[in-house]
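What's counted below: heavy atoms across the whole structure, side chains too, no hydrogens, waters or symmetry copies.
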2 protein chains.
Amino acid sequence: MELSCKSEYALLALLELADRYRSGEPLQIRQIAAQQNIPDRYLEQLLAMMRRGGLVRSQRGAKGGYILAREPWKITLFDVVTCLEGLDAQAKEVDVDLQTIEGSVICEIWQESYQAANTVLQKYTLQDLCEKRDARRQLDIMYYI
Amino acid sequence: MELSCKSEYALLALLELADRYRSGEPLQIRQIAAQQNIPDRYLEQLLAMMRRGGLVRSQRGAKGGYILAREPWKITLFDVVTCLEGLDAQAKEVDVDLQTIEGSVICEIWQESYQAANTVLQKYTLQDLCEKRDARRQLDIMYYI
DNA sequence: TGAAACCCTAGTGGAAAACCGGAGTATACT
DNA sequence: AGTATACTCCGGTTTTCCACTAGGGTTTCA
């Protein structure tokens with residue numbers, strides 16, 4: 001479970017959407033991309049995935065854009081990464097039967113390790129992320145003075 | 001921290017070396033490769049990495065081969081994966097300073113998740129792996145009868 | 001001396017990740 | 001109604017990385 005560009009871009013975008021969430025106004029791809037320095041056509045794909053995954057809602061047409069599908073404290077980082085990377089995760093389960101004993105023993109331990117990582121990601125929500133960011137911003141201002 | 005071919009091959013090889021450890025005799029690349037169905041020239045590179053990482057010792061020349069550098073219960077799975085994938089891990093630390101606040105907040109959480117995964121890997125040694133394998137073998141025999 | 005083994009470096013093929021472009025469709029505003 | 005805006009779908013391109021291959025060395029033992 002490494003931090004790919006995909007996941008990072010997605011989280012940055014969701015962070016922007018979380019900020020905007022209370023207003024109820026949608027936010028455009030272009031704006032998010034400009035704000036966070038993300039290639040816009042790529043971000044488009046990621047947002048489409050997250051829409052299919054039920055994380056965001058889209059509004060088409062003029063004055064359209066994206067809105068968080070539910071409250072920022074109801075979306076965990078685990079939700080995000082599984083939505084993005086989890087689509088091809090089922091494909092790996094194919095040839096488990098023709099594995100050696102050594103292979104399956106190793107595989108089990110990896111599952112356990114994987115599980116531990118996911119538990120951490122389940123602990124944090126977008127809300128938490130926003131708060132951490134704000135706290136960090138305050139801290140940076142203090143240091144600057 | 002996903003299970004790459006590299007790590008799996010390396011663990012399988014180390015498992016063979018662990019079996020052989022008590023005898024003090026070295027084991028050749030070819031034999032390991034044949035036993036575990038690993039491309040031998042590739043395994044050669046992995047063993048070279050593990051030698052540089054201090055996990056195995058090599059003996060050159062005829063009747064040479066590889067030996068575990070220390071006892072099987074003193075090598076954790078964490079040691080193995082960091083030895084193999086950890087070489088380019090420092091390269092990522094380069095441009096940390098020019099990161100945004102959002103980026104570093106995300107990065108921190110990823111570190112925590114990573115850490116959790118590593119803690120699991122630190123818990124298991126080659127010895128544990130061997131024992132799990134043997135237990136599984138016994139179990140398979142029982143089922144077969 | 002020669003065979004058996006490790007040692008080092010470079011290069012290749014293919015697949016996945018990251019990214020781009022164009023044509024289509026829905027929506028709001030005038 | 002018409003137009004501008006923004007999402008939607010889908011195919012293509014570029015880049016990067018992994019698994020693997022290859023060849024020419026060096027050391028050791030018999």
Asks: In whole angstrom, give the distance that lies between atom CD of B:E25 and atom P of C:dA4.
Replies: 18 Å
Asks: Of the nucleotides C:dC7, D:dC20, C:dA5, which one has an atom closest to the side chain of B:Y66?
Replies: C:dC7
Asks: Separation of A:M50 atom CE from D:dC7 atom P, in whole Å?
Replies: 13 Å
Asks: Please check the phosphate of D:dT8 (OP1 and OP2 only) for any side-chain N or O of A:S58 closer than 4.0 Å.
Replies: yes
Asks: Rounded off to whole Å, could you give me the CD-to-P distance for the B:Q31 and C:dA4 pair?
Replies: 13 Å
Asks: Distance check needed: D:dT5 C1' versus A:K63 NZ, whole Å only.
Replies: 10 Å
Asks: Looking at D:dA19, I'd like to know if its phosphate oxygens (OP1 or OP2) sit under 4.0 Å from a side-chain N or O belonging to B:Y9.
Replies: no
Asks: Specify the separation, in whole Å, of atom CD of B:E85 and atom C1' of D:dA19.
Replies: 13 Å
Asks: Give one of base, sugar-phosphate or nothing for B:R51, where a contact means two heavy atoms less than 4.0 Å apart.
Replies: sugar-phosphate
Asks: Go nucleotide by nucleotide along DNA chain D from the 5' end; which of A:A62 and A:L47 gets its closest nucleotide reached first?
Replies: A:A62
Asks: Contacts to DNA chain D from residues 37-45 of chain B, heavy-atom cutoff under 4.0 Å, which residues?
Replies: B:P39, B:R41, B:Y42, B:Q45
Asks: B:R57 side chain to B:I67 main-chain N or O, any donor-acceptor pair under 3.5 Å?
Replies: no
Asks: Give me the atom names and distance for the closest heavy-atom approach of B:E16 to B:Q36.
Replies: OE2-NE2, 2.7 Å
Asks: Rounded to whole angstroms, how far apart are CD on B:Q59 and C1' on D:dT28?
Replies: 8 Å
Asks: Which one, D:dA19, C:dC7, C:dA18, comes nearest to the side chain of B:R60?
Replies: C:dC7
Asks: Salt-bridge test for B:R133 and B:D128: reply yes if a basic N is under 4.0 Å from a carboxylate O, no otherwise.
Replies: no
Asks: When you check the gap from the basic side-chain N to the acidic O, do A:D134 and A:R137 get nearer than 4.0 Å?
Replies: yes
Asks: Between B:K132 and A:E102 (salt bridge meaning N to carboxylate O under 4.0 Å), is one present in this structure?
Replies: no
Asks: Name the residue from A:V80, A:L12, A:L77, A:V81 that meets the side-chain contact (heavy atoms from CB on, under 4.5 Å) definition with A:S7.
Replies: A:V81
Asks: With a 3.5 Å cut-off and sequence neighbours excluded, list the donor-acceptor pairs that the side chains of residues 37-48 of chain A form with protein atoms.
Replies:
residue: A:D40; atom: OD2; partner: A:R30; partner atom: NE; Å: 3.1
residue: A:R41; atom: NE; partner: A:E44; partner atom: OE1; Å: 3.1

